[in-house]
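Lettering follows sequence order; numbering is per chain, from 1.
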Protein chains: 2
Amino acid sequence: MRQALLEQDGFRSAQDIYASLRVQGHSVGLSTVYRHLQTFAGEGLADVIHTADGETTYRFCGDVGDSKHHHHLVCRRCGRAEEVQGRAVERWADEVARRHGYVQVEHTVEVFGVCAACAG
Amino acid sequence: MRQALLEQDGFRSAQDIYASLRVQGHSVGLSTVYRHLQTFAGEGLADVIHTADGETTYRFCGDVGDSKHHHHLVCRRCGRAEEVQGRAVERWADEVARRHGYVQVEHTVEVFGVCAACAG
DNA sequence: CTATTTGCAAAGTATTTGCCACCAT
DNA sequence: ATGGTGGCAAATACTTTGCAAATAG
């Protein structure tokens, strides 16, 4: 089951993944999907992002516990995602925060678009 | 009522705003809060952002229909926010997207921290 | 047999909608 | 009367939790 989940690709919502699994014949429960997703996210096996309309989506990064800070370029259509880094952004965020006297700074940066394949 | 809503400050969730209004003595309905919030957002009178944990929060920008593209530096504690711009970020996002062949690019960038006042 | 995993169903929480009452015109 | 605004309550949608059956060790 864990396996079946890990084989899913791209950023998908829990509900979406659940539906896919059922269609694929697995008789899995919704709670199981949520439970694993949370576990994965906790272990760093999955990235979590919230789309513009507030949906929570997950994506598996592979088995590598590569915990490096990165952001995503996500296809709005198919959910496919590229992991990207941006020293420029990190610097900008820190600078902005510092200038206003904010501490314990974090930031969320996600880029959405339509990938070459989907754009046709 | 519209007025009472507009007087709220900082980024707050709908539920939060609703609670405040009730405490302040207004006998307002939750739906009214949501309806106005959506209207405001549509008119550009309010900015909407989703916090890291998926909560939807709103903030009033004043009466100016100043629709310029900007981001926020938000205090995690009190909800206060500074509107910031970052040409560097815009450029970076476009560049990253272009490099991977993505089109119709958009991005969400929010910086969270604890403001000087709250950090004490 | 005990511990873990899983699925179902129930409970929660957040948001949207339907509908009727109320206010000013 | 008429249109718009507002409140309550019901309906949705998404996520979490309780619990007992199934499975593994």
Side-chain angles (χ1 to χ4, degrees), chain A residues 1-60 63 72 74 76 79 81 108 110 112, chain B residues 1-60 63 72 74 76-79 81 108 110 112:
Chain A
M1 189 80 322
R2 203 166 199 278
Q3 261 324 111
L5 269 170
L6 284 169
E7 282 158 18
Q8 298 299 125
D9 200 31
F11 273 103
R12 317 273 305 279
S13 71
Q15 302 276 350
D16 195 13
I17 293 176
Y18 168 69
S20 293
L21 289 174
R22 302 294 300 209
V23 169
Q24 286 165 38
H26 301 276
S27 98
V28 67
L30 189 52
S31 40
T32 306
V33 173
Y34 276 107
R35 275 191 285 245
H36 279 297
L37 251 24
Q38 287 184 180
T39 307
F40 291 157
E43 293 170 351
L45 278 180
D47 285 336
V48 186
I49 68 181
H50 298 90
T51 60
D53 51 321
E55 252 199 325
T56 307
T57 62
Y58 303 82
R59 172 169 178 278
F60 305 99
D63 304 304
H72 300 97
V74 187
R76 211 180 284 124
T108 66
E110 308 298 345
F112 299 95
Chain B
M1 189 83 321
R2 202 165 199 279
Q3 261 323 109
L5 270 170
L6 284 169
E7 282 160 18
Q8 297 300 124
D9 200 32
F11 273 105
R12 318 272 305 278
S13 71
Q15 301 276 351
D16 195 12
I17 293 176
Y18 168 68
S20 293
L21 289 175
R22 303 294 300 208
V23 170
Q24 285 165 37
H26 301 275
S27 97
V28 67
L30 190 50
S31 41
T32 306
V33 174
Y34 276 106
R35 274 192 287 244
H36 280 294
L37 251 24
Q38 288 184 180
T39 305
F40 292 157
E43 294 171 350
L45 278 181
D47 285 337
V48 185
I49 69 181
H50 298 91
T51 60
D53 51 320
E55 253 200 323
T56 306
T57 62
Y58 303 82
R59 172 169 178 278
F60 306 99
D63 303 303
H72 299 97
V74 187
R76 210 180 285 124
R77 295 265 180 78
C78 67
T108 66
E110 307 298 345
F112 299 95

Taking only N/O atoms, report every protein-nucleotides 16-19 of chain C pair under 3.5 Å with atom names and distance.
| unit_1 | atom_1 | unit_2 | atom_2 | d |
| --- | --- | --- | --- | --- |
| C:dT16 | OP1 | B:Q38 | OE1 | 3.1 |
| C:dT16 | OP2 | B:Q38 | OE1 | 2.7 |

For this session: Just jot down the side chain to side chain contact (heavy atoms under 4.5 Å, CB included) partners of A:Q15, sequence neighbours excluded, or say none.
Result: A:S13, A:L30, A:Y34
For this session: Could you pull out all residues at least two apart from A:A41 that satisfy side chain to side chain contact (heavy atoms under 4.5 Å, CB included)?
Result: A:V48
Exercise. Side-chain contact, heavy-atom cut-off 4.5 Å: B:T108 with A:H50?
Worked result: no
Exercise. Side chain to side chain contact (heavy atoms under 4.5 Å, CB included) with A:F40: which residues, sequence neighbours excluded?
Worked result: A:R2, A:L5, A:L6, A:H36, A:L37, A:E43, A:L45, A:A46, A:F60
Seminar exercise, completed: Quick note, salt bridge (charged side-chain N to carboxylate O under 4.0 Å, His left out) partners involving residues 4-13 of chain B, not counting sequence neighbours, are B:R12-B:D16
Exercise. Base, sugar-phosphate, or nothing for A:H26, non-hydrogen atoms under 4.0 angstrom?
Worked result: nothing
Problem set entry | Inter-residue atom distance A:Q3.CD - A:H26.NE2, 0.5 Å rounding | 10.5 Å
For this session: Please list, chain by chain and in numerical order, all residues satisfying side chain to side chain contact (heavy atoms under 4.5 Å, CB included) with A:A52, sequence neighbours excluded.
Result: none
For this session: List for me each residue that meets ring-ring contact (aromatic ring centres under 6.0 Å, His included) alongside B:H72, sequence neighbours excluded, and say none if there are none.
Result: B:F11, B:H70
Seminar exercise, completed: Sorted by number, residues from residues 8-24 of chain B placing a heavy atom under 4.0 Å from DNA chain C are B:Q15
Exercise. First and last nucleotide of DNA chain D touching chain A, 5' to 3', heavy-atom cut-off 4.0 Å?
Worked result: D:dC14 to D:dG18
Seminar exercise, completed: Taking every heavy atom of B:V28 against every heavy atom of B:Y18, the minimum-distance pair comes out as O-CE1, 3.3 Å
Problem set entry | Pairs where residues 51-60 of chain A contributes a residue and the test salt bridge (charged side-chain N to carboxylate O under 4.0 Å, His left out) is met, not counting sequence neighbours | A:R59-A:E83
